[in-house]
Structure formats: C-alpha cells, structure tokens
Amino acid sequence: MRQAIVNPFVSAAITTFAKDFGVKLERKSIKKKDAPIPTLPVSVSIGMTGKLRGSVIFSMSESMATSVAKALMPDAPMEEVRKFTPSAVGEMANVICGMVTVELAEVLPCDITPPTIISGALALNFLHAETICVVLQCEFGELEMNLAVVE
Amino acid sequence: MKKTCIIIDDASILRLRLRNILSLEYDVVAEGETGVDAVSLYAKFKPDFITLDITMAEMNGKEALKQIIEKYPEAKVVMVTAVGTPKNVLDCIGIGAVEFINKPFEENTVLTKIREVFAA
C-alpha cells in the first residue's frame, strides 16, 4: 500500500479529532498485518468502493469510545453518553473515511458504505488481506486504524 | 412562527447534534435515519427544509433527494455529509439541493448556511 494512500487516513483522523473532539491525535506506530483484525474491544468497519476498495476497521478501548461520545455531547449525563457511544464511534469512522474520499477524489474516486459497529470482534472471521495498521494516540487513549484497501 | 425542518441521518448522535443546533432557530418536526424515511416524512410534514445525509442504508441521500425533488420541485433540501466530494456536490446541486454542509461541522456554519438558503 502506497504512503499516498495511508497519509490521507492519518491526516483525516487528526483533523476529525481536533475539530470534532477538541483533542490532539498523534501517530504512535505503523506496521503491516496479514488481516485487518482489530486488537481493541470497540470496533467499527467501513467499506470502501470504487478506485480504492476494501475495508477500514477502527478499534479502540471502551473508555476511549465513551470519551469520543462525551466530547460530542459534553453536557449530557453519562447514561445518555453511553447510549449514544456506538453511534458516536460509527460517525467518527464515517467522517474520517468521508474526508479521505474528498482528499482522493481527483486521483482515486471512491465511496464509502455506512459504518458497522462490531461487537466481540475476536469472534469474527476476517478475510486475509494485506493490512496497514496505524496506531494513533490522544488523551482519550489509542485509536487503531486497520487499512485493508487496494487500488 | 418558526420555520419547520426534518433531520435525516443514520447516526443518532448526528441527529441529536443537528437537533440541538437547529432548534435554536427552527422547529424540528421529525427525524429519520434512511432515505425511505426522508421521502415519507417529507410527504407527511412538508417542512420548510430538510437536512439529508448521503451515506445511508436502504436508500441513500442522493436517491431520496431525487425522489423528493421530483415530487416537490420547490423543496429546500440541505445535504449534510462527510462525503463532500466534488462529484457528490455537483450531483446533488444538479438534482436540486440548495446547500451542502460538510462534516465535521460547527454550529455557526450550519446556522449561517441555512439562513442563506432563506435569504436567497
């Protein structure tokens, strides 16, 4: 996978966290994997179609997922925040991947599918697919982006 | 009397955020999470405007936009989406959307753009 494909995902994640959640997200590590298997308990998958196709699977801890939702609804009680947490992480993934489609529109026009929240990710089977795993971190915790996309 | 609106987005948290913002100036009369909801709720309430996401299950926002405009050419449809590619913007404006708001958005951007819809 070319760096020119990975970079838009990283910059979209950084922009989304700064603009929507008010926190600074930084790149921690990047590595190759054989499949986009998430290693953290809360995951969300977005499908990509068009000139860039495959899956992007985000994963994070439960506390980070709650922090993401809390950042979007700072005045809400925790019970309400927890109710909206799956939607918040789905929307986070949607916005990040949506920004990538805008960034790549001229060179690799592509579209995205609605997000799917994955519960009990380790019980699922993931297709073997070369994956770039980028780990980013902020004060909420770590965000893992598993990029299994091809041109 | 406040102008009325409908919010369509598959993400409940986005509907909540938009409702909190739009309620400052408008009367949010209904919400839905699919393009099918958009078409039926528009027919039922005939609001002053409707906000419409693009990436949704069942029927996407572009198809819903097309069906609403075909039946109600005067409808004011504001697209609110993360997928603001030039193609999507041109397609939606071509079909008849009156405004396009990119996610992530800020409160002021949403209110300003919708005020402009009615000022035009």
Side-chain angles (χ1 to χ4, degrees), chain A residues 8 12-22 44 46-52 56 65-66 68-76 80-117, chain B residues 7-24 28 31-38 51-65 79-94 100-110 113:
Chain A
I14 290 170
T15 302
T16 300
F17 271 67
K19 221 170 164 181
D20 253 1
F21 313 137
V44 53
I46 297 253
M48 302 203 71
T49 58
K51 296 286 184 188
L52 189 67
V56 179
T66 308
V68 163
K70 182 73 183 160
L72 290 175
M73 42 198 308
D75 302 325
E80 181 91 340
V81 170
R82 274 191 279 273
K83 192 175 96 184
F84 280 94
T85 296
S87 178
V89 296
E91 188 57 21
M92 174 211 76
N94 180 53
V95 170
I96 292 171
C97 291
M99 288 174 79
V100 171
T101 68
V102 176
E103 173 76 21
L104 296 177
E106 298 299 319
V107 283
L108 291 170
C110 54
D111 208 346
I112 58 173
T113 65
T116 303
I117 312 299
Chain B
I7 297 167
I8 304 292
D9 198 301
D10 60 349
S12 56
I13 195 151
L14 244 293
R15 295 197 301 275
L16 176 71
R17 286 188 74 196
L18 275 174
R19 186 170 69 228
N20 288 342
I21 295 170
L22 293 174
S23 298
L24 296 171
V28 180
E31 294 177 18
E33 55 187 300
T34 68
V36 174
D37 291 342
T51 70
L52 200 48
D53 187 16
I54 288 183
T55 308
M56 294 183 290
E58 276 197 59
M59 182 196 294
N60 69 39
K62 274 196 217 178
E63 182 56 34
L65 167 67
M79 309 307 291
V80 181
T81 180
V83 196
T85 60
K87 181 180 186 314
N88 277 341
V89 175
L90 289 175
D91 283 354
C92 291
I93 299 296
F100 208 101
I101 297 172
N102 286 310
K103 297 175 188 173
F105 52 72
E106 286 164 6
E107 179 179 309
N108 283 343
T109 306
V110 174
K113 288 205 169 198

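Predicted model, so just to flag it, every value in this text is computed and none were measured. Here is the naming used below: chain letters follow the sequence lines, and residue numbers restart at 1 for every chain. Worth knowing before you read on, the calculation uses all heavy atoms, side chains too, and leaves out hydrogens, waters and symmetry mates.
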Original post:
Is there any salt bridge (charged side-chain N to carboxylate O under 4.0 Å, His left out) pair reaching into residues 85-104 of chain A, and which pairs are they, with sequence neighbours excluded?
Top reply: A:E91-B:K103
Original post:
Do you know which two heavy atoms are closest between B:P104 and A:D20, and how far apart they sit?
Top reply: CB-OD1, 3.2 Å
Subject >> B:R17 CZ to A:S87 OG distance, which is reported to the nearest 0.5 Å >> reply: 11.0 Å
**OP:** Mind checking ring-ring contact (aromatic ring centres under 6.0 Å, His included) for A:F84 and listing every partner two or more places apart, or none if nothing turns up?
**Re:** none
Original post:
Does the pair A:D111/B:K87 count as a salt bridge with the N-to-O cut at 4.0 Å?
Top reply: no
Original post:
Can you say whether A:T113 sits under 4.5 Å from chain B via the side chain, the backbone, both, or neither, judging by heavy atoms?
Top reply: backbone
Subject >> All side chain to side chain contact (heavy atoms under 4.5 Å, CB included) counterparts of A:R82, not counting sequence neighbours >> reply: A:M78
Subject >> Toward chain A: residues of residues 52-63 of chain B with heavy atoms under 4.5 Å >> reply: B:T55, B:M56, B:A57
Subject >> Euclidean distance, B:L14 CG relative to A:N94 CG, rounded to 0.5 Å >> reply: 8.0 Å
Subject >> Distance-minimising heavy-atom pair for B:D10 and A:P114 >> reply: OD2-CB, 3.8 Å
**OP:** Could you pull out the closest heavy-atom pair between B:V83 and A:V102, with the gap in Å?
**Re:** C-CG2, 4.3 Å
Subject >> Among B:P86, B:A11, B:S12, residue most engaged with chain A (heavy-atom pairs, under 4.5 Å) >> reply: B:S12
